[in-house]
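Remarks on the structure that follows.
Note on naming: letters A, B, ... go to the chains in the order of the sequence lines (proteins, then strands), and numbering restarts at 1 for each one. Heavy atoms only: backbone and side chains are in, while hydrogens, waters and symmetry mates are out. Treat the numbers as computed from the prediction; the structure is a model and nothing was measured.
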Amino acid sequence: MKFASVIVDVPVMQTDRAFDYKIPDQWQELIKPGMRVIVPFGSRKVQGFVTHLKNESEFKKLKSISELLDLTPCLTSELLNLGNWLTEKTLCFKISAFQAMLPAAMKAKYEKEISIPYGHNREMLNESIQPFFKKSTAIDWKDLEDKLPLRDIQKEIERGHLEVIYKVKQKGNKKTVKMISSNLSKLELREIVDSLPSQAMKQKEILSYFYETKNVESVSMQDLLTVLNCSDASVRTLVKKGYLAETTKEVYRDPYEDRQFKKSLPLVLTTEQTTVIAPILKNIENNSHEVFLMYGVTGSGKTEVYMQAVEAVVRKGKEAIVLVPEISLTPQMVNRFKGRFGSQVAVLHSGLSTGEKYDEWRKIQRKEVKMVVGARSAIFAPFENIGMIIIDEEHESSYKQEENPRYHARDVAIYRAKKHGCPVVLGSATPTLESFARAQKGVYHLLPLTERVNNRSMPTVEIVDMREELRSGNRTMFSTLLLEQLDKRIQKGEQSVLFLNRRGYSSFVMCRDCGYVIGCPHCDISLTYHRHGQKLKCHYCGHEEQMPNQCPECQSEHIRFFGTGTQRVEEELVKVLPQARIIRMDVDTTGRKGAHEKLLTQFGNKEADILLGTQMIAKGLDFPDVTLVGVLTADTMLHLPDFRASEKTFQLLTQVSGRAGRHELPGEVIVQTYTPEHYSVKLASHHNYDIFYETEMILRKQHAYPPFYYIALITVSHPEVTKVAAVTEKIVHHLRRQLSSETRILGPVASPIPRIKDRYRYQCMVKYKRENNLNDILKKVLEHYQQQIHQDDLSISIDLSPSTMM
DNA sequence: GGGCACATGGGT
DNA sequence: CCCATGTGCCCA
């Protein structure tokens, strides 16, 4: 008799441990660690993960597992261990760690229903309740929660006239198609066709199809109907008569079904590429683990190196994980891998539907692919024989998850690569200071790529001082130089990309007379103006209101929106360059699925002269006829309260500049800024990462920031300011006593956004070099506030190595 | 997260 | 004494 230890889907501290269950006889041999199950827990049923099997349990009265959801474990033993490690490293619940490793489709949904038990009926119920059961004998609790007479319902439940039913639903399902086949011989079929009455023409046709088409064993219902142009009624009759058989078959949803990928063959590597790939190949060959930092300027051919290294991995019979920032924004990477490796590639990114992601994941699980190209969570791909992990654009902030578990894909990659004895390749033109510093120290193996393929020169970068423009009377957001150059491209039939850095500078509404800015009533942040329906929206809580005609403070009518949303830039652009064809890319125009790609394809087909957009156009775009890139506001990000502000600005500017002149035509970049003297703007324009690195490192050292110190950020939130301040203060006090004197503890201070969704937010920052017990100490803090978190609406979130201070 | 047992406290 | 609300604990 075996027992199973199960981690249940109840993400609270009290249940963050394994519970034992009996295994029903029929699953004794089948069940394995890493499988999902449904188990009774308290009064209801929940999903859980089997972590261990054992022959004995200290608990006497065990319940049995009610359902087995997997036939093959969805978590390998390696992933189970990884889950425990994640739990320790990020201070999250075990269940959250496990769920983070699987596609959303595999997470359970729970429903609560109130229903009339079998043998009872509506008339037996109290009159106040009866109307709710007019349509059916069961109602969804969530739909009517606040409308129901609670007291009466409770009484009826006590009397047994109503019962509560909990349902566990699986979100994603395998996609199936109906298949039609016939087990009859040709002769039999022909006889049946002849015996059918003459008015059953369609039925005759259908059966004829089966004996005429020789090698058809079974055909999907859908195909059958389109080929023969008939309705499914006739087919169903034939099935009923027993002439045809209906079965279901699982199919994969293929997100790239109707897409052609340009086939590509390995290119001859440049000398530099050859030098760089050699140590990686050696690692692959020897099954040894090293972290490589491939530091290569844009256009130096990193992707080709990745692909040839992956090829070596595949040749060795191993698998590769390739991480890309947010891939729907960088479709070109998928295209290149699909073009080279075809159906050996699984793709996992946010642009896919839940079902599509599930199917791609299953291809990995079933070992039907040799590699995955995907965003952050693809690092948990259930491969068992990993030969290499690549993280492209290593500096991208999307590799850090901003909810629990707050992990960084880079850390997970290194953890897994160590276990598998394989290399990790980090690639970037602008590595994070952390990674570059490690490479300098020899912790990572630095692989520099300094030349652009085909010796293309870097684009020239002009910095335009917008203060000068204003002084000389130009009040538009386009400098004279930029307009001139845009115009020139249109005349030459070349294309331009205009980049608007919108973060921290979206269109807010301000009164010109009194300076009043309209803010969100629930969050301490200004509302953003949305053209669509003249609405004001809050970015953080979704609050919406109408754009007022007059200032709520002083009743002045001079109230209008400021800032530069993409919509406004487009309007202004049309005014000054009426002949330009513009494609605008922002949340509004790319909302629908696939819209993003469609716009890019249009631009690629030269259906427009100018592509205008926010961050999302900064990455991975590669169009041969783009010869001009304009950055409208280079420095908006510089003023955010974030110690990485300069680094991010530098990365972004470098990134954007890289979009120009990637092919035969030389490129030009124009950067508009109000702070042209800032080192990150200046150095980005000279493509000088090395000096930027040195300059920034000095500052980081001075201010005790990474990579010189580690950081932990504790954010406390609660509806009352006093409460938040008091708790944060207490935590700070406690930490001051527990941590070493070398460690700096800052705070309590209000968070950069002091209130979100009517909750006040305070934070405390811990800067440390060595704190062996930090995780334990912080865990204790969380435990200490357990009750208040539970019943007093307090929330404490801990981010060990935050990527943003917000 | 959700239920349950027990405590508190105010109202008729 | 009724019940509504709060609090601590348990779930295998």
Using modelled atom types and a 3.5 Å cut-off, is there a donor and acceptor pairing between side-chain atoms of Glu163(A) and backbone atoms of Ile116(A)? no

Base-pair string, DNA chain C, Watson-Crick plus G-U, cut-off 3.5 Å on both distances, | for inter-strand, is |||||||||||.

Protein-nucleic acid N or O pairs under 3.5 Å, nucleotides 8-12 of chain B:
none

Where at least one partner belongs to residues 98-131 of chain A, residue pairs that pass ring pair (Phe, Tyr, Trp, His ring centres under 6.0 Å), sequence neighbours excluded: Phe49(A)-Phe98(A), His120(A)-His161(A)

Between the protein and nucleotides 3-6 of chain C, are there any N/O to N/O pairs under 3.5 Å, and if so, what are the atom names and distances?
residue: dA4(C); atom: OP2; partner: Arg151(A); partner atom: NH1; Å: 3.4

Pairs in or reaching into residues 73-101 of chain A: which pass salt bridge (charged side-chain N to carboxylate O under 4.0 Å, His left out), with residues at least two apart or in two chains? Glu78(A)-Arg416(A), Glu88(A)-Lys779(A)

List the residues meeting salt bridge (Lys or Arg N to Asp or Glu O under 4.0 Å) with Asp20(A), not counting sequence neighbours, and say none if there are none. Lys54(A)

To the nearest Å, how far apart are Gln99(A) CD and dG1(B) C1'? 13 Å

Here the side-chain hydrogen bond (donor to acceptor under 3.5 Å, both in side chains) pairs for residues 62-73 of chain A, sequence neighbours left out, are Arg36(A)-Asp70(A)

Which letters describe nucleotides 7-12 of chain C, given B = protein heavy atom under 4.0 Å from base, S = only from sugar-phosphate, - = neither? SS-BBB

Answer with yes or no whether Arg44(A) presents, from its side chain, a donor or acceptor under 3.5 Å of a partner atom in the base of dG1(B). yes

Output a table of donor-acceptor pairs, distance under 3.5 Å, between side-chain atoms of residues 130-138 of chain A and any protein atom two or more places apart or on a different chain; print 'none' if there are none.
residue: Gln130(A); atom: NE2; partner: Arg122(A); partner atom: O; Å: 3.4
residue: Gln130(A); atom: NE2; partner: Glu123(A); partner atom: O; Å: 3.3
residue: Gln130(A); atom: NE2; partner: Leu125(A); partner atom: O; Å: 2.8
residue: Ser136(A); atom: OG; partner: Ala138(A); partner atom: N; Å: 3.2
residue: Ser136(A); atom: OG; partner: Ala138(A); partner atom: O; Å: 2.6

N/O donor-acceptor pair under 3.5 Å between Gln763(A) side chain and Ala750(A) backbone: no

Looking at Glu360(A) and Val347(A), would you say the former's side chain and the latter's main chain have a donor-acceptor pair under 3.5 Å? yes

Ring pair (Phe, Tyr, Trp, His ring centres under 6.0 Å) contacts in which one or both residues fall within residues 56-75 of chain A, not counting sequence neighbours: none

Mutual orientation of the aromatic rings belonging to His522(A) and His543(A) [parallel < 30°, tilted 30-60°, perpendicular > 60°]: perpendicular

Taking side-chain hydrogen bond (donor to acceptor under 3.5 Å, both in side chains) as the cut-off, I'd like each qualifying pair that reaches into residues 37-52 of chain A, sequence neighbours left out, listed once. Gln47(A)-Gln170(A)

Can you list every pair that meets ring pair (Phe, Tyr, Trp, His ring centres under 6.0 Å) and has a residue in residues 70-89 of chain A, with sequence neighbours left out? Trp85(A)-Tyr415(A)

